[in-house]
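Please read the structure below before turning to the comments.
We number each residue from 1, following the sequence as shown. Counting starts at 1 for both ligands and their atoms, in listed order.
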Amino acid sequence: MATAELTDAERGYLETLYWLEEAALPMTAANVARAMQLSAPAVHEMIGRLEREGLISRSSDKLISFTGPGERQAEEIVGRHRLIERFLTDVLGIPWDEVHEEAERLEHAMSPVLEERMLAAIGDATTCPHGHPIRKGTRVPGVPLADVAEGARIRVLRFENEAEDLLHYLRQTGLEPGLEGTVMRSGVEEIVVQAPDRAATITRSVAETVSVTADPSPPPRVALPEQLVLGVQRYGR
Ligand SMILES: [Zn+2]
C-alpha cells in the first residue's frame with residue numbers, strides 16, 4: 001500500500017505512533033488515545049485496521065510495533081511533514097507556531113518532484129522548525145528543560161509536543177529551537193532562561209516538553225507520559 005492510498009485518519013495514527021516511538025514512550029493503544037484525545041473504542045478499531053493492513057503488529061502484552069512497510073510509511077509521512085514545515089518558515093516566512101496545520105494540508109498534494117525542490121530550497125536545515133529531524137537517525141538526545149539546574153548553560157533542541165496551542169504559548173515566551181542561554185531560575189512554578197537578547201519564562205509543566213542539551217547536564221530521562229496529553233489547559237498556565 002502506497003502512502004497516497006492511506007486515509008487521513010490512518011496517516012494521523014501512523015504519525016502519532018511514530019512520535020511515541022521517537023520519544024521512547026510505550027506504543028500502546030492507551031497512549032495513542034491519550035495523545036490524539038480520542039476515545040478508546042475509536043482507537044481500538046483503527047489499530048485493528050492498521051494491523052489487518054500489515055502496517056503494525058501487536059505483541060501478547062498489547063505493545064504495538066511497526067512492521068517494515070509500516071515503519072517506512074510512517075517515516076515518509078513524518079519526514080515530509082517536517083520538510084514542508086521548514087519550507088514554510090524559512091522560504092515563505094510563516095511564523096513557526098502557525099505552520100503545522102498548513103503542512104498537514106499541503107502534505108497530500110506533494111509530488112516527488114515538488115518534494116525534491118523543497119529539499120533543495122531549505123538548504124542545510126535538517127530539522128523542522130520545532131527541532132524534529134527530517135530524516136531518521138539524526139535525532140540528537142536531550143534532557144527536559146525542567147530537569148536542568150540553575151546556572152547551567154543550555155541550548156534548546158526541540159519542542160517534543162507540537163500541539164499548536166502549546167506552540168503559540170512557547171513562541172510568546174521567546175523560547176525557540178537553537179536558542180542558547182543560562183537557566184537563571186528553576187522554581188516550582190516557573191523556569192527562567194536568560195539568552196543574550198531576551199529572558200524567557202515558561203511554566204514548569206511546559207518545560208517538561210522542551211528538550212535541551214545542558215552543561216552541566218542532568219541524567220537522561222524519558223518524558224513523562226502526561227506530556228502526551230495535548231492542550232493548554234492541561235499544562236496549568
Ligand atoms: Zn514540527
Practice prompt. List in chain and number order the residues that pass ring-ring contact (aromatic ring centres under 6.0 Å, His included) with H132, two or more places apart in sequence or in another chain; answer none if no residue qualifies.
Written response: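 Scan of H132 (ring-ring contact (aromatic ring centres under 6.0 Å, His included), adjacent residues dropped) gives none.
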Item to complete: Apply salt bridge (charged side-chain N to carboxylate O under 4.0 Å, His left out) to K62 and list each qualifying residue two or more places apart in sequence or on a separate chain.
Response: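 Testing K62 for salt bridge (charged side-chain N to carboxylate O under 4.0 Å, His left out), a comparison that skips the adjacent residues, returns none.
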Item to complete: Output all residues satisfying salt bridge (charged side-chain N to carboxylate O under 4.0 Å, His left out) with R52, sequence neighbours left out; order by chain, then residue number.
Response: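 Salt bridge (charged side-chain N to carboxylate O under 4.0 Å, His left out) check on R52 returns nothing, list empty.
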Item to complete: Dump the intermediate steps for salt bridge (Lys or Arg N to Asp or Glu O under 4.0 Å) on E176 and R158, then the final yes or no.
Response: CA-CA 8 Å; E176 58 191 15; R158 68 189 153 260; over 6 Å; no
Practice prompt. Check E107, E85, E115 against R80 for a side chain to side chain donor-acceptor pair (under 3.5 Å) and give me the one that passes.
Written response: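 The residue from E107, E85, E115 that satisfies side chain to side chain donor-acceptor pair (under 3.5 Å) with R80 turns out to be E115.
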Worksheet entry | Side-chain (W96) to main-chain (L88) donor-acceptor, under 3.5 angstrom |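 No; zero donor-acceptor contacts below 3.5 Å.
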Item to complete: Could you grab the protein N, O or S atoms closer than 2.8 Å to the Zn ion (ligand 1) for me?
Response: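 Protein N, O or S atoms closer than 2.8 Å to the Zn ion (ligand 1): E85 OE1, C128 SG, H130 ND1, E162 OE1.
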